[in-house]
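Written below as structure tokens is the structure these notes are about.
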4 protein chains.
Amino acid sequence: MKNQDVVQAKIRVPQQGRSKASFERMLATAEQLMAERGSDDFTLNEVAKVGKVSIGSIYCRFDSKDDMVHAVQIRVLHRVDSNMLLGIAGVRERRMSFEAFVPAIVDRIAEALREFSAEMRPFMLRASNDPTVAALGKGSYNRTATAVRDAFLEHRAAILHPDPDRAVDAAFRMLYASLARYLGFGSSIEAAGEGDWTLLKADLADMILAYLHSASAGQRAA
Amino acid sequence: MKNQDVVQAKIRVPQQGRSKASFERMLATAEQLMAERGSDDFTLNEVAKVGKVSIGSIYCRFDSKDDMVHAVQIRVLHRVDSNMLLGIAGVRERRMSFEAFVPAIVDRIAEALREFSAEMRPFMLRASNDPTVAALGKGSYNRTATAVRDAFLEHRAAILHPDPDRAVDAAFRMLYASLARYLGFGSSIEAAGEGDWTLLKADLADMILAYLHSASAGQRAA
Amino acid sequence: MKNQDVVQAKIRVPQQGRSKASFERMLATAEQLMAERGSDDFTLNEVAKVGKVSIGSIYCRFDSKDDMVHAVQIRVLHRVDSNMLLGIAGVRERRMSFEAFVPAIVDRIAEALREFSAEMRPFMLRASNDPTVAALGKGSYNRTATAVRDAFLEHRAAILHPDPDRAVDAAFRMLYASLARYLGFGSSIEAAGEGDWTLLKADLADMILAYLHSASAGQRAA
Amino acid sequence: MKNQDVVQAKIRVPQQGRSKASFERMLATAEQLMAERGSDDFTLNEVAKVGKVSIGSIYCRFDSKDDMVHAVQIRVLHRVDSNMLLGIAGVRERRMSFEAFVPAIVDRIAEALREFSAEMRPFMLRASNDPTVAALGKGSYNRTATAVRDAFLEHRAAILHPDPDRAVDAAFRMLYASLARYLGFGSSIEAAGEGDWTLLKADLADMILAYLHSASAGQRAA
DNA sequence: TATGAATGAGTATTCATTCAT
DNA sequence: GATGAATGAATACTCATTCAT
């Protein structure tokens, strides 16, 4: 939240029709170029040309290319967040048994990430060198993490693990890391796309279920 | 294996003392610059200056900057591989119970990656845009994966999961993804370093143990 | 004609005053540097410095140094062509006897080439390695060749050679080669400037006259 | 003659077997590379690699790359000169009528140039920027010119032109320029290779014959 | 004498950013 | 506000020449 404010302060969002339209075109074009290339190496001249806006207009809205990238990221994360949060809420509403809930929510999270993987990848890579991108990404991650935690804890009774809160967090973190890696979000990308997506989701659900069901765990924890 | 040969063909490795020393200095300098910055955006003039070699000397050894980066990666992966494989072998030799073995090997893998995380990170990021880097990284990953699989399957009797081979693969993949993410290997880096390293290792060991012990899994597999 | 279009497509010609002026300065500077050196080995930094434009401005107009060279060539050839074609038309209008016409047109062609020899030389040399330069040069050559042929064939009655069309072509080719060589257009340049220009023109006129007047020729033709 | 001496002073020609062989290999390799590329843009590293000599050896023999190019040129011109002079002598010995002699000597000169066109072209182009190359070329040209003049003047009686010496010079110059241009020796190369070689030779012979036979010429001379 | 590794000035080209219109 | 031409620092790469061994 706070981060978005920091970023938005550097961006001049127009209210009027014509300006608004060209502002949207800038952001959409930059997003498209990044998604196509899988990285942030687009030039502002490309945005100007493809988006039919002038370089000057871009600098009229943003103080720098970095600010533009951040604005695009915010745009993308808005979509990711609503898709993700709505999806999680949808699963929650189905009021399934824990054994049915786990694969369902794993699937929901996996599909939400997959749907936006092309748009998110450039930011994942950039995050290592750009603290603002990292912070914005972390914000989105946290929103999802919270929603997932709440959904899991509705099934607190079914979780045999001695420390349910911590176990749910660990499970989500593992889930997110595994999905992100498969989707090629930069990490150890060499293995991206390897294996079968459906099997991956099944295995991850199995793991989470086994982990949260296991009563013996936690003994070894520090 | 084959990939390393392909790459090494593009590099002229000197045998004699003086040349060898300056060749090493080039690679060490490039590695250092990349590790410091966390990315591959160093310039050859920097390498020349810091490493006290001339631009010409660099081009005497490598056909391009890309080839130099690949040579650095090979150098790093050699160290990673020996550390990792020796570590895994060391754990195997201790002939522990499965319950002791799992945290031990998790710890070993985690520490091997952590030791080289600064050196590996730039290549993880570059892999998305450079197929050679991706292939070299995959080679290293596969060598570790094989050693880990073999070590786990020595405990085949303790694995209740209906398909031990697949389960071990899935567990390793999950483990690697989680560690890589924590170490900031590009993937969803926004969460890198979050949480406690010791706790993470414990949780991952718990998950793997619970997963491989669980007999009910696999029912959902395709 | 077509070649010029192809080349001009790669060049962004400004229309407005200020831009136009700096664009002209680039071309004029490049032309001047080439003419001074007698070859195409100028650098873009020289053009930038001497022409008081920035490197970036140059790349704003041309995609590459090659494209700039081609643009300069087109500029030079425009001047050569108009001078040449007007000169030939001027000779034609004087409606002289064939014996007066031949030295007159030889002189006209010779002087047109001589006037632009410094500007043309760099392109003559570059033509061997640059197909676009060769094609542009050929275009200009052909325009002159056609005009010359037409002018000679107005005197068809005076040409005793059994195949007037072929003879006129051969005569023009010989004339062009001899003048180009004298002017140092690369060919066997070692002899450039040797002898007297006025005498050369007289001798060439004599040769052409003798050749076109000779009725016995062509017997040996294949 | 004098020029060759000047050049040879900068070259250290070895006398002993092994050195001599590698010296020859340098020159032959450089010549081959130039003939293949049609220009002088080879690198000394290429000569070292292809010719299996070391860079150091090259600089042991020559003070600079330029000196090496000049040595190659001398080597080529030796071959051109002997071929040309022997050919001309051969034609002379056949003691033909003037009408048979002219096409015969034109053919001889044309074929001699054609045989060595690939080897000579790089030097023709370089002559514009390298006075030594120009001077060496001029020496060779002059040796041929003298031999040709002498051969023609054996037929002095058949030459009706009022100034036979000057006419023969002019005819040779025109002949050489036309052949050089056809063979692509840099000059107005755009037209190189255009038309038919056999027809070109026939036309040139016709022109020379007509010119030397014509009694009316010279009236217009200054 | 022979070797070939090392040198480094020099080149074309890119691109975020500025600013006159 | 809007435009897009202009800027110029920065970068990968070349190659004749030197010199330690």
Side-chain angles (χ1 to χ4, degrees), chain A residues 12 14 16 18-19 22 41-49 52-68, chain B residues 12 14-23 26 41-49 52-68, chain C residues 12 14-23 26 41-49 52-68, chain D residues 12 14 16 18-19 22 41-49 52-68:
Chain A
R12 288 165 286 282
Q16 293 186 340
R18 177 133 27 142
S19 295
S22 95
D41 61 356
F42 65 95
T43 74
L44 292 185
N45 277 313
E46 285 173 321
V47 174
K49 198 171 174 185
K52 298 192 190 312
V53 290
S54 69
I55 289 280
S57 295
I58 295 174
Y59 274 89
C60 197
R61 298 296 168 204
F62 307 101
D63 284 343
S64 68
K65 186 186 177 184
D66 280 6
D67 288 348
M68 185 188 208
Chain B
R12 291 165 283 280
Q15 305 302 336
Q16 295 184 341
R18 174 116 41 140
S19 295
K20 182 117 186 180
S22 95
F23 180 71
M26 285 172 207
D41 61 356
F42 65 95
T43 75
L44 292 183
N45 280 318
E46 284 174 322
V47 174
K49 199 171 179 183
K52 296 193 189 311
V53 291
S54 68
I55 287 284
S57 294
I58 296 174
Y59 276 91
C60 201
R61 299 293 168 206
F62 308 101
D63 284 342
S64 68
K65 185 185 174 182
D66 280 6
D67 287 350
M68 185 189 209
Chain C
R12 289 165 285 280
Q15 304 305 335
Q16 295 184 341
R18 173 114 43 137
S19 294
K20 185 117 187 183
S22 95
F23 181 71
M26 286 174 206
D41 61 356
F42 65 95
T43 73
L44 293 183
N45 279 317
E46 285 173 322
V47 175
K49 200 170 175 181
K52 297 195 190 310
V53 290
S54 68
I55 288 284
S57 294
I58 296 174
Y59 277 90
C60 201
R61 299 294 169 205
F62 308 100
D63 283 343
S64 68
K65 185 183 176 184
D66 279 7
D67 287 349
M68 186 189 209
Chain D
R12 290 164 286 280
Q16 294 186 341
R18 178 134 28 145
S19 294
S22 95
D41 61 355
F42 65 95
T43 74
L44 292 184
N45 276 314
E46 284 174 323
V47 175
K49 197 172 175 184
K52 297 191 191 310
V53 290
S54 68
I55 288 279
S57 295
I58 295 173
Y59 274 88
C60 197
R61 298 295 169 206
F62 307 100
D63 284 343
S64 69
K65 185 185 176 184
D66 280 6
D67 288 349
M68 184 188 209

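Within every chain, numbering begins at 1; the chains are lettered A, B, ... in the order of the sequence lines, protein sequences first and strands thereafter.
Summarising the geometry of Val53(A) relative to Val47(A), their closest heavy-atom pair is CG2-O, 4.0 Å, with the distance given to 0.1 Å.
Whole-Å rounding puts the Asp41(B) CG to dA9(F) P distance at 21 Å. One interatomic measurement links the two molecules: CG of Asp66(D) to P of dC15(F), which rounds to 15 Å at whole-angstrom precision. Look at NZ on Lys49(A): it is 13 Å from C1' on dG4(F), rounded to the nearest Å. Going from atom CZ of Phe62(C) over to atom C1' of dT14(E) covers 17 Å, rounded to whole Å.
Tyr59(A) has a side-chain polar atom (N or O) that falls below the 4.0 Å cut-off from OP1 or OP2 of dT17(E).
Set against dC13(F), dT17(E), dT18(F), the side chain of Ser64(B) has dC13(F) as its closest nucleotide.
The side-chain contact (heavy atoms from CB on, under 4.5 Å) search around Tyr59(D) returns Leu44(D), Ile55(D), not counting sequence neighbours. Remark: Ser57(A) pairs with Ser54(A) by the side-chain hydrogen bond (donor to acceptor under 3.5 Å, both in side chains) rule, at least two apart or across chains. Residues passing the side-chain hydrogen bond (donor to acceptor under 3.5 Å, both in side chains) test with Asn45(D), sequence neighbours excluded: none.
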>> Base contacts versus sugar-phosphate-only contacts with protein, heavy atoms under 4.0 Å: please encode nucleotides 4-11 of chain E as B, S and - from 5' to 3'.
In response: BBSBB--S

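Where pairing requires Watson-Crick or G-U contacts shorter than 3.5 Å, the helical stems of DNA chain F with at least three consecutive pairs are E:2-21 with F:2-21.
Applying the salt bridge (Lys or Arg N to Asp or Glu O under 4.0 Å) definition to pairs two or more places apart or across chains, those involving residues 53-65 of chain B are Arg12(B)-Asp63(B).
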